[in-house]
Amino acid sequence: MGVAEVVHYRVGDYLFTEKPYFFVGVVWLELLFLSPFSIVSIFGILCSKPWFNTTCLIYGISIATPITTVLGELMGSGKASEKLMMMYSPSMDLDVLAFLCGLITCFSKTSLALSKRSTCFA
């Protein structure tokens with residue numbers, strides 16, 4: 001029994017067994033771009049790099065796009081079980097959290113820079 005059959009049997013994930021073209025593209029995107037990007041982001045966390053907030057913003061957007069497509073397929077097809085939806089939903093929550101983390105820290109840096117600039121000209 002292969003991995004796809006085990007995943008389909010346990011969770012009912014028909015995307016692994018049917019392999020629609022968009023899902024294959026999403027998997028390749030995650031393998032080629034997002035996996036190395038995750039490693040770079042972990043490096044940014046561990047070393048407290050100033051560009052980490054920007055990588056959070058990029059990562060949140062670049063994961064939310066394919067996950068939205070997958071969730072749209074699962075909801076629209078009517079084939080998805082509740083267990084399968086519960087398997088994909090946390091990744092969307094993580095994407096929104098990463099996006100907001102990057103966005104909030106970018107706004108706080110911008111407002112901090114503006115407050116410093118306004119005190120210099122006063």
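Hydrogens, waters and symmetry mates play no part in the numbers below; they use all other heavy atoms, side chains included.
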Partners of [X] by side chain to side chain contact (heavy atoms under 4.5 Å, CB included), sequence neighbours excluded?
{"X": "Leu29", "answer": "Phe33, Leu34, Pro66"}
{"X": "Val27", "answer": "Phe23, Leu31"}
{"X": "Val40", "answer": "Trp51"}

- Item | Shared-cluster residues of Leu46, by chain and number - hydrophobic side chains joined below 4.5 Å | Ile42

- Remaining members of Ile45's ILVMFWY cluster at a side-chain heavy-atom cut-off under 4.5 Å?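 Members other than Ile45 - counting any ILVMFWY side chain reachable under 4.5 Å - are Phe52.
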
- Do the side chains of Tyr88 and Glu73 get nearer than 4.5 Å, heavy atoms only?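 No. Closest side-chain heavy atoms not under 4.5 Å.
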
- Query: Does the side chain of Ile63 come within less than 4.5 Å of Phe99's, by heavy atoms?
  - Reply: no

- Query: Any salt bridge (charged side-chain N to carboxylate O under 4.0 Å, His left out) pairs touching residues 86-103, not counting sequence neighbours?
  - Reply: none

Applying the 4.5 Å side-chain criterion to the ILVMFWY set and letting contacts propagate, would [X] and [Y] be lumped into a single cluster?
{"X": "Leu32", "Y": "Ile39", "result": "no"}
{"X": "Leu57", "Y": "Leu97", "result": "no"}
{"X": "Ile61", "Y": "Leu100", "result": "yes"}
{"X": "Tyr14", "Y": "Met87", "result": "yes"}

- Item | Heavy-atom pair with the smallest gap, counting every atom of Phe37 and Ile58 | CZ-CG2, 3.6 Å

- Task: Could you name each residue pair satisfying side-chain hydrogen bond (donor to acceptor under 3.5 Å, both in side chains) that touches residues 61-70, not counting sequence neighbours?
- Result: none

- Query: What residue pairs, at least two apart or across chains, pass side-chain hydrogen bond (donor to acceptor under 3.5 Å, both in side chains) with a residue in residues 20-37?
  - Reply: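 Checked against side-chain hydrogen bond (donor to acceptor under 3.5 Å, both in side chains) - neighbours excluded - no pair reaches residues 20-37.
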
Which atom pairs, donor and acceptor, lie under 3.5 Å between side-chain atoms of residues 78-86 and protein residues at least two apart or in another chain?
from: Lys79; atom 1: NZ; to: Glu18; atom 2: OE1; distance (Å): 3.3
from: Lys79; atom 1: NZ; to: Glu18; atom 2: OE2; distance (Å): 3.1
from: Ser81; atom 1: OG; to: Val11; atom 2: O; distance (Å): 3.2
from: Ser81; atom 1: OG; to: Leu84; atom 2: N; distance (Å): 3.2
from: Lys83; atom 1: NZ; to: Arg10; atom 2: O; distance (Å): 3.2

